[in-house]
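Residue numbers begin at 1 in each chain, while the letters A, B, ... track the order of the sequences.
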Number of protein chains: 2
Amino acid sequence: MADVTTRIVIADDQAAIRHGFRLVLDAQPDLCVVGEAADGAGALATARLLRPDILLVDVRMPGPDGLEVVRQLAGDGPGAVPETRVIVVTTFDLDEYVYPALRDGAAGYLLKRSGPTLLVEAIRAAMSGEALVSPSITVRLLRGLTASPAPATARAALTEREAEVAGLVAQGCTNAEIAAELLISPGTVKTHVASAQRKVGARNRVGVAAWAWRTGLAR
Amino acid sequence: MADVTTRIVIADDQAAIRHGFRLVLDAQPDLCVVGEAADGAGALATARLLRPDILLVDVRMPGPDGLEVVRQLAGDGPGAVPETRVIVVTTFDLDEYVYPALRDGAAGYLLKRSGPTLLVEAIRAAMSGEALVSPSITVRLLRGLTASPAPATARAALTEREAEVAGLVAQGCTNAEIAAELLISPGTVKTHVASAQRKVGARNRVGVAAWAWRTGLAR
DNA sequence: GGGAGCCTCCCCCTTTCGGCAGAGGCGGGG
DNA sequence: CCCCGCCTCTGCCGAAAGGGGGAGGCTCCC
């Protein structure tokens, strides 16, 4: 591995955050902050001009937000900067930010409260072509993988049989298929789907399926 | 939160590894290694006896392997130890270990080459109910987030309009509602749903919704 | 000019859902 | 003991979805 200095650009609308990051990163012998930006347009411009190894970007910024920056730089469009890995750093771990960012090619997703250690680790990981995601977000990503360790509170609303049926609905099964699977009559399946529907407040079976995915009952 | 010492047990068949971990962890003021085990049976016995906050466990061990230890301790069976979070630490990042471990409730998955910093961070994350996964593994998990679960790849398969319709389908909207929302005729909505269905390989609209949820198009 | 792809709309028909109402068996708890 | 919740099943009917076809207008590109 080439042991040269890793060049970093920080994009955040809060000067204090930029200053704090710079202190932390410049304290590392192999890291160097070479630029800053206070909004999305500045982040894009600076990244395209300096082509840093790492761009730390906040999600919420004036102008194009962090997600848009990720899309443009990490994509394969005309304005992409392939040699720059973009790490998203933000305050809140909202799903609506996490998934698009990671899907669109972010090389990491950190929370500001994670502390300086993980920030440095995330940069080193990104330089190795890896990705570090904040532990608090990772647990949710894993939940999409987990054999449902129960938001028992929400699921308690449904009876065992209803939950079973709801899970199969979420897989795209018709009532007849569910009936065959569970060895009951299609009419009974309709009963279960209907009560599950009523209990979770859905207007049709797709709503039941959506609920099943949200709660982790289905995956 | 009680700011007491985090009690740790190390299970690894190599004494040198156990020794190294102990040095690193005991150097932290708030961490304390209270036990060691050299095989799976010992890991289970020690965990059940000491009920530590953290169990670091290697995957490859004599007797029950690390995955079995995770299953038994993190499950809800008779031998489970709910207050102990199990972090898997191993040398190789093989999928056949990673996925089962995380699915069965591991509170983290680390590579030994990750270094002491991430080890300490992983323990702190686990104590907060979070999970730290090695960056080199995270990239693969993310890859599975974008592409792998769908046989036909990315959203690029769908046209913009189809994706829009698919998103509304995932919200539980009927064709008529989607039509009203997008200001097009219900018949056109049916066309879009049908082609989205065909492209993602679904048998009905619930399958389209499932795909939208899996790929993150819908939330 | 001639595709190709996309969006839009229309027809037909069958299958599946969704809502309604009822009913019997079976278990646990007041 | 009786009531309540759950699971099972039945019927009917209108609404929605799914499958097949065709068709016109639009843009982009060769």
### Query
Under a 4.5 Å cut-off applied to non-hydrogen side-chain atoms, are Ile178(B) and His192(B) in contact?
no
### Query
Does Glu121(A) have any salt bridge (Lys or Arg N to Asp or Glu O under 4.0 Å) partners at least two apart in sequence or in another chain, and if so, which?
none
### Query
Phosphate oxygens OP1/OP2 of dC6(C): is one of them under 4.0 Å from a side-chain N or O of His192(B)?
no
### Task
Check the distance between dG5(D)'s P and Lys199(A)'s NZ and give it to me in whole angstrom.
10 Å
### Query
Given atom CD1 of Ile184(B) and atom C1' of dC6(C), what is their separation to the nearest angstrom?
12 Å
### Message
Using the rule given for side-chain contact (heavy atoms from CB on, under 4.5 Å), can you reason through Arg48(B) versus Gln72(B), listing the C-alpha separation, both sets of side-chain angles and the distance that settles it, and then say yes or no?
### Response
CA-CA 11 Å; Arg48(B) 285 169 183 151; Gln72(B) 291 203 26; 2.8 Å; yes
### Summary
For Thr191(B), the side chain to side chain contact (heavy atoms under 4.5 Å, CB included) test, sequence neighbours excluded, returns none
### Query
From the list dC7(D), dC9(C), dC7(C), which nucleotide is the closest neighbour of the side chain of Thr159(A)?
dC7(D)
### Closest to side chain of Ser185(A), choosing from dC7(D), dC9(D), dC9(C)
dC9(D)
### Message
Is it the case that the side chain of Ser134(B) and the backbone of Leu111(B) share a donor-acceptor pair, with hydrogens and angles ignored and the cut-off at 3.5 Å?
### Response
yes
#### Entry: Nearest-angstrom distance from the residue atom CZ of Arg198(A) to C1' of dC6(D)
12 Å
### Task
Name all residues meeting the side chain to side chain donor-acceptor pair (under 3.5 Å) criterion together with Arg124(B); count only those two or more places apart in sequence or in a different chain, and write none if there are none.
Gln28(B), Asp30(B)
### Message
How many whole angstroms separate atom CD1 of Ile178(B) from atom P of dA16(D)?
### Response
13 Å
### Task
Identify which nucleotide among dC6(D), dC7(C), dC9(C) has an atom closest to any side-chain atom of Arg161(B), counting heavy atoms from C-beta outward.
dC7(C)
### Query
Which parts of nucleotides 11-30 of chain C does protein reach within less than 4.0 Å, heavy atoms only, written one letter per nucleotide 5' to 3' as B for base, S for sugar-phosphate only and - for none?
------SBB-----------
### Query
Any sub-3.5 Å donor-acceptor pair from Arg205(A)'s side-chain atoms to Thr174(A)'s backbone N or O?
no
### Task
Just report the end-to-end axis angle for the helix from dG1(C)-dC30(D) to dG30(C)-dC1(D), five pairs per end, to 10 degrees.
40°
### Task
Select base, sugar-phosphate, or nothing to describe what Gly187(B) touches, counting heavy atoms under 4.0 Å on all strands.
nothing
### Query
Among all residues two or more places apart in sequence or in another chain, which pass the side chain to side chain contact (heavy atoms under 4.5 Å, CB included) test with Glu130(B)?
Arg113(A), Pro135(A), Ser136(A), Val139(A), Ala125(B), Ser128(B)
### Query
Would a distance-only check, ignoring hydrogens and angles, find a side-chain to backbone donor-acceptor pair under 3.5 Å from Thr84(B) to Pro52(B)?
yes
